[in-house]
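Have a look at the structure below, then the notes.
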Number of protein chains: 2
Amino acid sequence: MDPLGFEHHDHRHCVHAALAAAEAHCARHRLNLTPVRRRVLELLLEGHRAMGAYDILDHLRAEGLGAQPPVAYRALDFLVSHGFAHKIERLNAFIACTHPETDHTPAFLICRGCNAVAEAHAEPTRGMLGRAAAEAGFEIEQAVVEALGRCPNCRKAEEAPCA
Amino acid sequence: MDPLGFEHHDHRHCVHAALAAAEAHCARHRLNLTPVRRRVLELLLEGHRAMGAYDILDHLRAEGLGAQPPVAYRALDFLVSHGFAHKIERLNAFIACTHPETDHTPAFLICRGCNAVAEAHAEPTRGMLGRAAAEAGFEIEQAVVEALGRCPNCRKAEEAPCA
DNA sequence: ACTCCATATGTTATGGTATAACAACAGTTG
DNA sequence: CAACTGTTGTTATACCATAACATATGGAGT
């Protein structure tokens with residue numbers, strides 16, 4: 001397990017840092033990072049991959065933080081709507097944001113081998129799509145950009161099947 | 001109802017033309033455009049918008065063409081895998097392709113006012129996303145590009161609330 | 001004609017994702 | 001304290017999708 005940038009890194013550290021950043025952000029913006037919401041963000045950060053709402057719910061249940069789907073979905077809605085997490089439409093799953101604070105339109109690279117997800121940056125209002133939208137008189141408010149393919153690790157594994 | 005390019009057009013004609021084109025393509029490529037598959041494509045073309053699998057299924061049922069979900073899903077799988085239709089991940093719905101034959105990576109403009117969907121063309125392997133993927137060593141095989149926003153008609157309606 | 005095989009359809013059952021609707025409670029503001 | 005806002009808890013249900021197996025249908029080869 002070493003997704004996101006498809007590289008290894010100090011995971012323990014990044015979880016804590018992201019959590020602290022989220023807390024600071026919420027304090028600054030008068031947002032209520034309740035125990036459930038905080039824990040869901042932590043779970044997403046720890047998992048460091050796309051997780052289904054019911055995966056999350058299983059953890060919450062085990063910890064006595066809520067037993068019904070709406071509990072998980074509400075926490076996820078909060079995180080997504082404030083930019084702490086994103087939904088991967090293609091997977092019906094959620095993932096912690098790797099650069100919150102930064103105003104960004106996320107794009108995802110989803111590996112079909114290991115399901116790792118890396119977050120990149122897109123500018124949907126530019127390029128061909130932006131031009132097409134402008135021509136059609138369409139106002140883009142939000143965009144889902146998800147590329148499916150194979151991450152470097154899985155490509156390597158396929159070329160050199162030494163396992 | 002006048003989606004796709006967000007403009008009015010001779011709908012009757014485009015349904016027939018698209019259906020004829022699909023038939024020709026299937027004949028040429030030895031694909032089996034069975035009654036169910038043909039009818040599902042026709043429904044998508046007639047509806048001219050994103051339709052859920054169960055919407056489709058309701059029609060099929062009413063026409064005695066199949067009563068269970070797999071019937072609809074299988075026909076949709078066929079159409080999608082041969083490029084006659086696309087799945088809109090964001091809506092969990094399907095839409096007829098507006099330019100089959102052409103080899104293309106579809107991108108969609110989805111209006112949150114009227115749910116109309118226009119199909120544009122994207123080149124995910126270029127631009128920022130392509131660069132990010134190349135840097136990460138990620139090989140893009142397929143891409144989902146879906147922009148949400150407001151179509152010209154709904155924008156107009158909002159500015160001049162004369163209804 | 002008959003068997004074999006591939007493809008397509010039919011059906012049952014189930015699994016996975018998501019939300020509506022309402023009840024209860026906490027904090028805070030006037 | 002009363003009214004309000006926001007959060008959580010719970011029930012119930014709706015919606016989306018597929019696994020698994022049974023049944024047909026239509027060639028290809030003999």
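Order of the sequence lines sets the chain letters (A, B, ...), proteins ahead of strands, with each chain counted from 1. For clarity, every value in this text was computed on a predicted model and none was experimentally measured.
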Legend entry - Angle by which the axis turns from one end of the helix from dA1(C)-dT30(D) to dG30(C)-dC1(D) to the other, five pairs per end, to 10 degrees: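 That helix gives 20° between its end axes.
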Inset, instruction - Kindly write out the residues that satisfy side-chain hydrogen bond (donor to acceptor under 3.5 Å, both in side chains) with Arg112(A), not counting sequence neighbours, or none if the list is empty. - result: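 Checked Arg112(A) against side-chain hydrogen bond (donor to acceptor under 3.5 Å, both in side chains); matches are Glu141(B).
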Inset, instruction - Kindly write out the residues that satisfy salt bridge (charged side-chain N to carboxylate O under 4.0 Å, His left out) with Arg74(B), not counting sequence neighbours, or none if the list is empty. - result: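 Applying salt bridge (charged side-chain N to carboxylate O under 4.0 Å, His left out) to Arg74(B) gives none.
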Inset, instruction - For DNA chain D, find the residues of residues 23-37 of chain A with a heavy-atom distance under 4.0 Å and give them by number; none if there aren't any. - result: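 Correct list: Asn32(A), Thr34(A), Arg37(A).
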Tell me every residue that passes side chain to side chain contact (heavy atoms under 4.5 Å, CB included) with [X], counting only those two or more places apart in sequence or in another chain.
X: Cys154(A); answer: Cys111(A), Cys114(A), Cys151(A)
X: Ala18(A); answer: Leu45(A)
X: Ala53(B); answer: Tyr73(B), Leu76(B), Phe94(B)

Legend entry - Common cluster, Leu19(B)/Met51(B), ILVMFWY with side-chain heavy-atom separation under 4.5 Å: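 Yes; Met51(B) is reachable from Leu19(B) via cluster members.
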Rounded to whole angstroms, how far apart are [atom1] on [X] and [atom2] on [N]?
X: Leu79(A); N: dT7(D); atom1: CG; atom2: P; value: 12 Å
X: Leu76(A); N: dT8(D); atom1: CG; atom2: P; value: 12 Å
X: Arg90(A); N: dT17(C); atom1: CZ; atom2: C1'; value: 16 Å

Legend entry - Summary of salt bridge (charged side-chain N to carboxylate O under 4.0 Å, His left out) pairs that have at least one residue in residues 13-29 of chain B, sequence neighbours excluded: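 The answer is Glu23(B)-Arg38(B), Arg28(B)-Glu101(B).
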Legend entry - DNA chain C contacts among residues 59-67 of chain A, heavy-atom distance under 4.0 Å: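 Heavy-atom cutoff 4.0 Å gives no residues at all.
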Inset, instruction - Considering only NZ, NE, NH1 and NH2 on the basic side and carboxylate oxygens on the acidic side, decide whether Glu139(B) and Arg150(A) come within less than 4.0 Å. - result: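 Result for this pair is yes, salt bridge flagged.
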Show each protein N/O and nucleotides 25-30 of chain C N/O combination with a separation under 3.5 Å, one pair to a line.
none

Under 3.5 Å, which donor-acceptor pairs link side chains of residues 56-70 of chain B to any protein atom two or more places apart or in another chain?
from, atom 1, to, atom 2, distance (Å)
Arg61(B), NH1, Ala67(B), O, 2.5
Glu63(B), OE1, Arg39(B), NE, 2.8
Glu63(B), OE2, Arg39(B), NE, 3.3
Glu63(B), OE2, Arg39(B), NH2, 2.8

Inset, instruction - Heavy atoms under 4.0 Å is the rule here; annotate nucleotides 14-23 of chain D 5' to 3' with B where the base is hit, S where only the sugar-phosphate is, and - elsewhere. - result: --BBBB----
